Amino acid sequence: MTKLLVTGGAGFIGSAFVRLVLGSGGASQLVNLDKLTYAGNLENLLPVDADPRYRFVHGDICDAKLVNNLVADLKPDVIVHFAAESHVDRSILSPAPVFETNLRGTFTLLEAARLNNTPRFLHVSTDEVYGSIDAPHEADEHYPLRASSPYSASKAGSDLLALSYFVTYKLPVTVTRASNNYGPYQFPEKLIPLMISNAIADQPLPIYGDGMQVRDWLYVDDHCRAILAAIEHGRPGEVYNIGGSRSLANVEVVKMMLALLGKPESLMVTVKDRPGHDRRYALSSEKLMRETGWKAEMPFEQGLRATIDWYRAKSDWMARVKSGEYQSYYEKNYAGR
Ligand code: NAD
Ligand code: DAU
């Protein structure tokens, strides 16, 4: 049976991964190392909290002593590395924490894995490292890296660092690059949960620029299954793209969401665009599908409906998440637009 060390397991995708793995009997032990930044929320893990296979460690992936001791004691079969500063707008407002966690944190984990001969390291990355892609092209894993924001530059850097550990030290690292995730428990700074939350409250929906930027939407559980497939059947030293095969302009997404909620399109307001805003992301996931048999299963309309239903049912979760730091972030990001 497998011992897993998961970083960032209290966040949106990490917590979905922890719930999925423990729910499907996929680990004998799972340790979740998380700093609990604004984005980390132990409420996301209540469904597994009492599971004897699960243990939470509150700590920073940049803390080399803590990380080394943890890896040496646990001797994980696999490290699945989600922890990151994950939001582009925040990375623009305040880049320092992004480079600290996404670069130094990834380096610290890789070093611990190298020194303790960890048999498998899965580095979770993003399609944003390829930058904006002109239609009708799609990025495969050999596409040049052209990061536009501090966030995407930090992820591109951490990808290269991770792959260098395979080349130089033969650490069995695999990198996955996923497209835009959506689903339950996502922090309401990202497009879909922010728009759902504002629409439910009849608040304005801030559309950056002309709203015609294209993203490829991936349901979070499809992403988590893809990561498991990459661990099980993917090859060390390789990169695997994970796309949802559903490209939509932002305004199309928001209009679909408003229709499902029965709210008027007049809630949408155009605001000043994000600096350096990538126009279009598009991925080919052919390699992962061919090598592992994985494919995205959730149709976007169904996933969006399920997501809206979840946020409607969890108004208390949303209220707690939006109290405190969220208000000052919202002011800072949206007031000047
Ligand atoms: P998130 O912001 O919801 O969660 C990040 C988690 O990492 C939080 O629990 C936070 O507390 C933790 N964390 C942050 N800094 C830490 C540190 N220094 N030490 C320990 N823990 C720390 O992020 P997410 O959306 O779940 O993304 C998870 C990963 O997936 C990230 O690496 C991100 O780059 C990648 N990714 C995200 C998407 C997406 O659409 N959200 C798409 C592709 C890839
Ligand atoms: O592509 C994968 C990436 O997707 C991940 O690596 C990132 O962690 C994740 O945050 C996401 O990045 P994006 O910048 O694409 O996601 P975001 O939800 O912030 O924005 C999606 C699109 O919606 C983008 O074109 C900007 C636009 N937008 C976003 C917000 C928050 C708006 O128009 N208004 C908004 O208020």
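Predicted, not measured: the structure shown is a model, and the values here were computed from it.
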Which atoms form the tightest heavy-atom contact between [X] and [Y], and what is the distance?
X: S86; Y: E189; result: OG-OE2, 4.4 Å
X: H137; Y: R280; result: O-NH1, 2.9 Å
X: I61; Y: A83; result: CD1-CB, 4.0 Å

Check: Is it true that F166 and F121 have ring centroids separated by less than 6.0 Å?
Finding: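 Ring centres of F121 and F166 not closer than 6.0 Å.
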Notebook entry, point to check: Aromatic ring centroids of F17 and F82 under 6.0 Å?
Noted result: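 Judged by ring-centre distance (under 6.0 Å), F17 and F82 do meet the cut-off.
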Report yes or no: do [X] and [Y] belong to one cluster of Ile/Leu/Val/Met/Phe/Trp/Tyr joined by side chain heavy-atom distances under 4.5 Å?
X: V31; Y: L109; answer: yes
X: V21; Y: I227; answer: yes
X: L46; Y: L42; answer: no

Establish, from distance only, whether the side-chain atoms of [X] and [Y] form a donor-acceptor pair under 3.5 Å.
X: S15; Y: R19; answer: yes
X: H87; Y: Y329; answer: yes
X: W317; Y: N44; answer: yes
X: Y130; Y: N241; answer: yes

Does this structure show an ion pair linking [X] with [Y], if we count only N-O contacts that are shorter than 4.0 Å?
X: R279; Y: D210; result: yes
X: D89; Y: R274; result: yes
X: E111; Y: R114; result: yes

Item checked: Counterpart residues, ring pair (Phe, Tyr, Trp, His ring centres under 6.0 Å), relative to Y330 (two or more places apart) ->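 Y330 satisfies ring pair (Phe, Tyr, Trp, His ring centres under 6.0 Å) with Y326, Y334 once adjacent residues are dropped.
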Does a sphere of radius 6.0 Å around [atom1] in [X] hold more than 12 heavy atoms from other residues, nucleotides or ligands, not counting ones at 6.0 Å or beyond?
X: E325; atom1: CD; value: yes
X: K263; atom1: NZ; value: yes
X: Q327; atom1: CD; value: yes

Notebook entry, point to check: How far apart are the C-alpha atoms of Y151 and E85, what are their side-chain angles, what is the distance that settles it, and do they pass the side-chain hydrogen bond (donor to acceptor under 3.5 Å, both in side chains) test?
Noted result: CA-CA 8 Å; Y151 164 71; E85 289 291 337; over 6 Å; no
Side chain of [X], backbone of [Y]: donor and acceptor closer than 3.5 Å?
X: Y219; Y: G244; value: no
X: T174; Y: R235; value: yes
X: N180; Y: W217; value: no

Notebook entry, point to check: Measuring from S149:OG to K155:NZ, what's the distance to the nearest 0.5 Å?
Noted result: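 Here the rounded value is 11.5 Å.
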Next item on the list: Rounded to the nearest 0.5 Å, what's the gap from NE2 on H123 to CG on L110? Could you check?
Entry: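 Taking NE2 in H123 and CG in L110, the distance rounds to 8.0 Å.
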Checklist line | D222, D221, I13, I192 screened by side-chain contact (heavy atoms from CB on, under 4.5 Å) with N181, the one that passes | finding: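 With N181 as partner, side-chain contact (heavy atoms from CB on, under 4.5 Å) holds for just one option, I13.
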Notebook entry, point to check: When you measure from the centre of the six-membered ring of Y143, is the NZ or CZ of R177 under 6.0 Å away and within 45° of the axis?
Noted result: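 Because its charged atom misses either the 6.0 Å distance or the 45° angle limit, R177 does not stack over Y143.
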Note to self: Taking side chain to side chain donor-acceptor pair (under 3.5 Å) as the definition, give me every residue that meets it alongside T106, ordered by chain and number, with sequence neighbours left out.
What the structure shows: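 So T106 forms a side chain to side chain donor-acceptor pair (under 3.5 Å) with H81.
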Check: Run the salt bridge (Lys or Arg N to Asp or Glu O under 4.0 Å) check on R305 and D309 step by step: do they pass?
Finding: CA-CA 6 Å; R305 191 171 293 118; D309 289 347; over 6 Å; no
